[in-house]
Number of protein chains: 2
Amino acid sequence: MLQNTRTEAVLERLPIYYEYLRKLPSEENVSAPILAKALNLGEVQVRKDLALVSHKGKPKTGYEKSELMADIKNYMGYDQKTKAVLVGLGKLGSALYDYEGFQEFGIEIVQAFDREQTRLTKTMDSFTSYCITEHIEVGIITVDEVHAQEVCDLMATTGIRAIWNFAPVRLNVPDYIIVQNVNMATSLSILIKHMRDQIENQVNL
Amino acid sequence: MLQNTRTEAVLERLPIYYEYLRKLPSEENVSAPILAKALNLGEVQVRKDLALVSHKGKPKTGYEKSELMADIKNYMGYDQKTKAVLVGLGKLGSALYDYEGFQEFGIEIVQAFDREQTRLTKTMDSFTSYCITEHIEVGIITVDEVHAQEVCDLMATTGIRAIWNFAPVRLNVPDYIIVQNVNMATSLSILIKHMRDQIENQVNL
DNA sequence: GTTATATCGATACAGTTATATCGATATGCA
DNA sequence: TGCATATCGATATAACTGTATCGATATAAC
Ligand SMILES: NC(=O)c1ccc[n+]([C@@H]2O[C@H](COP(=O)([O-])OP(=O)(O)OC[C@H]3O[C@@H](n4cnc5c(N)ncnc54)[C@H](O)[C@@H]3O)[C@@H](O)[C@H]2O)c1
Ligand SMILES: NC(=O)c1ccc[n+]([C@@H]2O[C@H](COP(=O)([O-])OP(=O)(O)OC[C@H]3O[C@@H](n4cnc5c(N)ncnc54)[C@H](O)[C@@H]3O)[C@@H](O)[C@H]2O)c1
């Protein structure tokens, strides 16, 4: 009876479906072909993706919007609240800390820390005990690259299990902690490479 | 004689090698196995990736660091200067505008625009003419999601060929413009999903 | 009620990406 | 000078990801 396997690629598309559905004004049913057209994806691919989280699709009509959203939400864990702390309340850190877009995914940055005492920030001496007593699972690193590893090490002494790192450094962590490095500059450089390749191809026609 | 094909996956690793090499204090030669160990990748994979940009690797010794860096730089186009403009000098926009990490990839955000007159910002009325006369190729959108499409449309009237979009909306663009959507919230949600899956697997042992 | 059809679910195929293996060769060292 | 070996380059295989096709079926339309 099973259909699709939980792969990385699918995991990256489910949030896209969810976002699309959430912003869809209409309450009408949605189908794989509709989603595919709207998001510029393959119809079969969408169908298989959805099959991973729901089996309520019906021939001719597709899925009930709210039901499908609930199933994605449940699968992705958006209904479970996740608490994150942020270290490095500088320019980028402040932007993220103030950003409200995390809520809909069940994520809350409950506290920000910085070496310097600013705004709502707590200083670092309370960091460890705070994370432990509040059962923080996710750490966000937005300090400069020189201090990223030491902040990371500190996080490893708490119950934190996942680190979202914006400093352009590769962090050393124990096995049980997952790190996601976000490198904005390289991402943009890849986009630009694509752009140049495209321009080149057009010239060579 | 050829070896590796230019695929998306390779393109995403080349900057990682470059970053690693750039920060490496030593000037000694590097080899595929060394890079593989340091970056936690497959040795064969690294070797094939490097073969795409360079053929100067020698048995036993590997590559000369500076030569390899130059070859990646050349392949990725980091030696070509790319000018970008940013629209929406809010919290996130300011952080990006001030960020100096783009330089090493040949990228410069030469000007920021905003509806409101702030700081160094230019207002929107000069946008189109500025982009055209300055031959801007890249646009960065950091306005709220309500205004992202209109900013995008405006960019499409200039010579801009690539858009880096941080607003959580899917933009409609003409074919010749490439869009890269960055959705921070969904990225973090995927990291959290991985975290939860990992925790679950450990329990089920 | 019957029929037409859009969509689902399943299977088969194709393309992309990663890994394993092996001979060739440049270098270091006896 | 000759031998040992680390690494390269190449080819083969495996895993993952995406696409094409087709029968089954629930619904809409008549
Ligand atoms: N600004 C951006 O748009 C951007 C883009 C990509 C990556 N980054 C990376 O994000 C990080 C932050 O960038 P930023 O522009 O916000 O820099 P920033 O200097 O504005 O902020 C860094 C903050 O970290 C704090 N800090 C430093 N060491 C600390 C420590 N040991 N413990 C606690 N707090 C500490 C500082 O007090 C400061 O407030 C950097 O690593 C940068 O490379 C920034
Ligand atoms: N802050 C974050 O960390 C973060 C994270 C992920 C995504 N985003 C997205 O990035 C965008 C900006 O976020 P922010 O937190 O910086 O918001 P912000 O409100 O601080 O900044 C938005 C800026 O855009 C300007 N603006 C609005 N409409 C404009 C228009 N038509 N032309 C020119 N300028 C215009 C505003 O004047 C303001 O300065 C949003 O779409 C948000 O969803 C932000």
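Excluded from the calculations below are hydrogen atoms, water molecules and symmetry mates; all remaining heavy atoms, backbone and side chain alike, are included. Lettering of chains follows the sequences in order, A, B, ..., and the numbering in each one begins at 1.
To the nearest angstrom, C1' of D:dA6 lies 10 Å from CD of B:E43. Per the geometry, NZ belonging to A:K48 stands 15 Å off P belonging to D:dT21, to the nearest Å. Protein atom CG of A:N40 is 10 Å distant from nucleotide atom P of D:dT19, rounded to whole Å. For B:Y63 and D:dT7, the OH to P distance is 12 Å, given to the nearest whole Å. Atom-to-atom, CG of A:L52 to P of C:dA10 comes out at 13 Å; the value is rounded to the nearest Å. For the pair B:L11 CG and C:dT16 C1', the computed distance is 15 Å after rounding to whole Å. A:K60 has its NZ atom 6 Å from the P atom of C:dA6, to the nearest Å. A straight line from NZ of B:K56 to P of D:dG9 spans 12 Å, rounded to a whole angstrom.
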What are the atom names and distances for every N/O pair under 3.5 Å that joins the protein to nucleotides 14-17 of chain D?
{"from": "D:dT17", "atom 1": "OP2", "to": "A:T7", "atom 2": "OG1", "distance (Å)": "3.2"}

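Side-chain contact check for A:Q45 and A:D49: no donor-acceptor pair (N or O, by modelled atom type) lies under 3.5 Å. Counted by atom type alone, A:H147 and A:D144 present one or more donor-acceptor pairs between their side chains at under 3.5 Å.
Note on A:R47: a side-chain N or O is less than 4.0 Å away from OP1 or OP2 of C:dC8. Regarding contacts with the backbone of C:dT27, a side-chain N or O of B:K58 is found under 4.0 angstrom from either OP1 or OP2. Residue B:T61 places none of its side-chain N or O atoms closer than 4.0 Å to OP1 or OP2 of C:dA26.
Looking at A:I192, A:L191, A:L188 one by one, the single match for side-chain contact (heavy atoms from CB on, under 4.5 Å) with B:Q180 turns out to be A:L191.
Closest to the side chain of A:V44, out of C:dA10, D:dA26, D:dC8, is C:dA10. The nucleotide whose nearest atom lies closest to any side-chain atom of B:P33 is, among D:dT7, C:dC8, D:dT19, D:dT7.
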Inset, instruction - Go ahead and write out DNA chain D as dot-bracket, 5' to 3': ( ) for pairs within the strand, [ ] for ones crossing earlier pairs, | when the partner sits on another strand, dots for unpaired; Watson-Crick or G-U wobble, both distances under 3.5 Å. - result: ||||||||||||||||||||||||||||||
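Below 30°, between 30° and 60°, or above 60°: for A:W164 and A:F102 the angle between ring planes is above 60°, a perpendicular geometry. Using the six-membered ring where Trp is involved, A:F127 and A:F113 have ring planes that are perpendicular, over 60° apart on the 30 and 60° scheme.
Contact check on A:E43 versus A:R47 returns a salt bridge, with a Lys/Arg side-chain nitrogen under 4.0 Å from an Asp/Glu carboxylate oxygen.
Considering only residues two or more places apart in sequence or on other chains, B:Y176 meets the ring pair (Phe, Tyr, Trp, His ring centres under 6.0 Å) condition with none of them.
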Legend entry - Audit row: A:R196, B:E137, salt bridge (Lys or Arg N to Asp or Glu O under 4.0 Å) steps and yes/no: CA-CA 10 Å; A:R196 296 218 182 288; B:E137 294 176 289; 3.2 Å; yes
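Between B:T128 and B:T158 the shortest side-chain heavy-atom distance falls below 4.5 Å.
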